Each structure stands twice: as structure tokens, then as C-alpha cells.
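Just so it is clear, the model here is predicted, and its values are computed rather than measured. We name chains A, B, ... by the order of the sequence lines, and we start the count at 1 in each one.
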Amino acid sequence: MGTAMLDDFLVRAGLAGIGLSLAAGPLGAFVVWRRMAYFGDATAHAAILGVALALATDLPVGLGTLTVALLMAVTVATLAARGWAMDTTLGVLAHSALAFGLVAISFVHGVRTDLSAWLFGDILAVTRGDLAQIWGGAGLVALLLIWRWSALLTATLNEDLAHASGLNPGRERLVLVLALAVVVAVAIKVVGALLIAAMLIIPAAAARGLTRSPESMAAVAVLIGATASIGGLGLSMWQDTPAGPSIVACAAVVFALSAVLGPLRWR
Amino acid sequence: MSRLPDRGCGMSLIAADHACVRFAGTEVLHDISLRVEPAEIVTIVGPNGSGKSTLLRALLGITPLAAGRVSRRAGLRIGYVPQRLQIDRTLPMTARRFLSLPRRHAPAATAAALARVGVPEVADRQMADLSGGQFQRVLLARALLTEPDLLILDEPTQGLDQPGEAAFYRLIDALRRDTGCAVLMVSHDLHVVMAASDRVICLNGHICCEGTPRVVSNAPEYRALFGLGTQGALALYRHEHDHDHMHDHSHDHGHDHGHGSARPRVGDPHGHGHA
């Protein structure tokens, strides 16, 4: 049954969205808690440069985006540790990476026409191979976050507290940086470089209003992300809208509902 | 930093030997030697920027030493309460969940810890919704769950009002009595803290003087740092002290004027005016 089902492009698209949500939910929660939203943007925008480099050198696109996203994430994390003004630094890096990526991609023959696939995703064109990459990468990130969960949470609360408990906060930061790079490489096919940060932040932010523990916030973020993926695909089919932005729009609607209903529930 | 026990440490829980800390070439802690013995309450006082928090962080192994060493008794368990812990509003976290970070504790254990610090009712409340005093007590409960030999508290009463502060120090004293743990804490509010301490270390980049509260409060080094304005409050402190804690300082009756046993450090680069 499984393989025949995967012949349907809509099923593959739905599974791609659910797979991404599996990693983006818990990682997005950390992005929100640690105020790393712009950090996510910088890493995601750098992925466009990775696409250009991969196409120019005939390497797999996944490898290119992963490498450049990782380089960007490590650069940002290093600058942050050295006390650079992060708001400005990230603003410079995020937009420079995007600009250089767009310039570089214009040199690659034949890509100019489907540039929007990299910027906004092309979830309806997800192949079985893509699906394997998405679930492989997202599964890896989800396992990594579950494994490090308690340490990550303690380091997020307070790095001194983590240190005094025998943890190494620097290592936990690195775990998040790695996870972010993998999610970016995975998500570029689904929602595109411009909207990756949205898939991290919006489901997690929507989950905040509905939950009372960090674990439930991460789990509900996964549910919201998956629901938004299905909803966005439905909207895309029904109204012929671009799939990636439709998914993010659905997540935003859930966020608005939770912002209105959440406080009512807990008061 | 070495965590191995060594001859110099003896019975002490934790000891610093000629420890120095530098930030970007500037020495912020100079030649610090101190030790904490079992079941004593030691308070580090000093003006803002005197390196109090840095000293605690160096003892905890968070801040690396530029010179000297810190040694701990083998197997020493430390409970740490950091300065100013801010829990982001976006992070949902009940007090009960907070107590199980990073290691899980049984619900009975967390409930007992909250009851011990006097806030049994906050278990299911969000950390972000607690008052300053409740928050500090939950932090203390978390530190107690590790069954520490040594509690290290960094300005634990910051943001509390005076009655809250006094109650918090009474709690620390009771915990020391019940569990036998030693307490090393930092403060910049002098008088309540001094009344609650067995020993006071006066810090200003280096150890200016140390000894029992009465001895330190009479030391010229201490007077030079905190000025004559402390006189009135000190009188108040002595008054309370003589009523409540007569037994605590029987060992320093011979040193009422302080110069005998407060130990001013030689080679003090900052110099001291005479008060």
C-alpha cells in the first residue's frame, strides 16, 4: 500500500510538510524561547547561496544548502559569543547572504526561471528521494532534540545554572545550530528560503498560548505545523495558490486564533 | 581548575588558593585565597563591580582562572542559586517542572522541597507569574533537591523588600541547621546579611579583610569601602545581634575592636584611607 500511495504527488507533499513539522516544532520552540528568530532568517537566507554553489559545481543541492547554512549558523554563533551587536550583525548577514545568493544564482544557466521554487518552495514537486531526505533530516533533528532535551532546556533558562549542574551550555548551543542548519536544508524544498523562519516561529508561537509546559508547547507546535501543511496544501489545490506561502498563511491563522482564545482558556 | 581533593584543602568543602581572574587583560580578581568549612555561613560583601559574582562563578568553575587554583572536596555537591534569573514569557514552565531541570525528581520530592522553603502552593503555577520572593524560594528549592553540601547563592534577596529579605535569611539559617550544609553567599546589602553570617569576606577586587561580622564591621578596610554612613545601621545590627545570637559569637569576645582578628591583606593595590 505504502509505495502506491507515494505515487500521488499530493500525498508526497503532505508527508513532506508533516516531516518538516516534526523537526520545526521543537526546534521552533527553542528559537522562540532563545529569541533566535533573526538567527533562523540569516541561516535560511544563506541557503540560497548554497543552492547557487551546488548548481554551479554539480553537487547535490541538499549538500550545498546544508554546508552554507551550517557555515552561516556557526559564524553567527561565534560572533554572538564574542559580544557583537546581534541585531545589526544578523541584519547585515541575513540580507547579504540572500543578495549574494540571488546574484550567484543568476550566473547559473537555466535556474533563473524557477528561482521562485527556491525562494518559496516547491512542495508539490517533492520526489521520493526528497521525501527520504526530509524525513531523514527531520527525524535526526527530532531525535537530537529529544536526546538533549533536558540539557537544552536548562541551558535556555540560564547558562550559569546549566554550568553549575555539570552541563556545557556551549555544547547545547552547538546542538541547536546544527539542528537549525539541517532543518533549513530540509525545509527549503517545502516552504523555500524566505519562509523557513516562519515555519519555525509561527507554529511554536501559536502553541505558546495553548500550553503550560515546554514539552506540550513543542508537541502542539508539531501538530499546528502539520495541520497548517495539510490546510495549506488544500488551499493551494482549491484556489490554485502557491503551496509554501499557503502553508505559512494557515499557520498564521492558527496563531491568530490561539492569540485570541489562549488567554481566555487560562484565565 | 582541579576538582581533586588535595592536602591544602583538608576538611574544607571548597578552597581557592591565590586565584586570579582576568577579563581582556584586566585583572578583576587578584590573589584570592579563601575556604569554606562544613556547615558555616560565609558572606561575601563588596561594592558594585568588586568581583563578587565573578568570584562565585570562578569557584563554580564557570569562569576560568588566570592563575591560582580552586579545589573542592571529593564528591562535593553544590546547590547554586544564580543572580537574576529571567524566564522568558514565551517559555511555559511550572514551578514543579522547573525543579526537575536538568534531572528529574519524584513529585513527592519536589513537593517536599517547595514545602521546606515555604511555598508549597506554587507547584502548578507558572514561573513567570511568581512574585520575587516566591521565585527566589523556588530557586532555593531547586538547589536543595541536589542535597547539597554547599549552597552558593548570588544576591539571593535582590528585589525583595526588607521583611522578605529578613525572612529569606532566616530560612537560609534554618536550612543550614536542618541539613548541615554550608552556605556561601554574595550580597551588597550589608547589615541583614552580616547578622545572618558566621564569617564575612570583604571583597574589592581582592580580599580586603575577613572575619566574624563584628570584627569585619570594625575593620578600617571595611570602613574605608563602605564609609562612615554605615555606623547607624551597624548599631542596629549589633542591637539585634546581641539579642538574638549571643551564642554565635562567643568565640570573638576578645576582639571587640577588630584589629586583632580581621585580617587585612598586605600588598593591597587599592590602598585604604582611614575612616
Sort out for me which of B/Thr146, B/Val81, B/Leu91, B/Asp124 touches chain A most, counting heavy-atom pairs under 4.5 Å.
B/Leu91
Interface check, chain A: of B/Ser100, B/Gly79, B/Pro92, B/Ala143, most non-hydrogen pairs under 4.5 Å belong to B/Pro92
Chain B contacts: which residues in residues 36-46 of chain A have a non-hydrogen atom closer than 4.5 Å to it?
none
Could you have a look at A/Ser216, A/Ala164, A/Ser213 and say which one has the most heavy-atom pairs with chain B under 4.5 angstrom?
A/Ser213
Salt bridge or not for B/Asp17 and B/Arg35, using N-O below 4.0 Å?
yes
Pair A/Arg173 + A/Glu159, salt bridge at N-O below 4.0 Å
yes
Compile the donor-acceptor pairs under 3.5 Å between side chains in residues 103-115 of chain B and protein atoms, sequence neighbours left out, one pair per line.
| from | atom 1 | to | atom 2 | distance (Å) |
| --- | --- | --- | --- | --- |
| B/Arg103 | NH2 | A/Ser165 | O | 3.0 |
| B/Thr110 | OG1 | B/Pro107 | O | 2.9 |

Provide the closest heavy-atom pair for A/Val191 versus A/Leu20 in the form atom of the first, atom of the second, distance.
CG2-CD2, 4.5 Å
Distance-minimising heavy-atom pair for A/Ala16 and A/Trp135:
N-NE1, 4.4 Å
Give, as side chain, backbone, both or neither, the part of [X] having an atom under 4.5 angstrom from any heavy atom of chain B.
X	result
A/Glu215	side chain
A/Asn158	side chain
A/Leu152	neither

When you look at CG of B/Asp178, are more than 12 heavy atoms from neighbouring residues, nucleotides or ligands closer to it than 6.0 Å?
yes
Using a 6.0 Å cut-off, check whether atom CZ of A/Arg35 has over 12 heavy atoms from anything other than its own residue.
no
With under 30° as parallel and over 60° as perpendicular, where do the rings of B/Phe135 and B/Phe98 fit, or are they tilted in between?
tilted
Looking at B/Val122, B/Thr94, B/Val138, which one forms a side chain to side chain contact (heavy atoms under 4.5 Å, CB included) with B/Met127?
B/Val138
Part of B/Arg89 within contact of chain A (heavy atom distance under 4.5 Å):
backbone
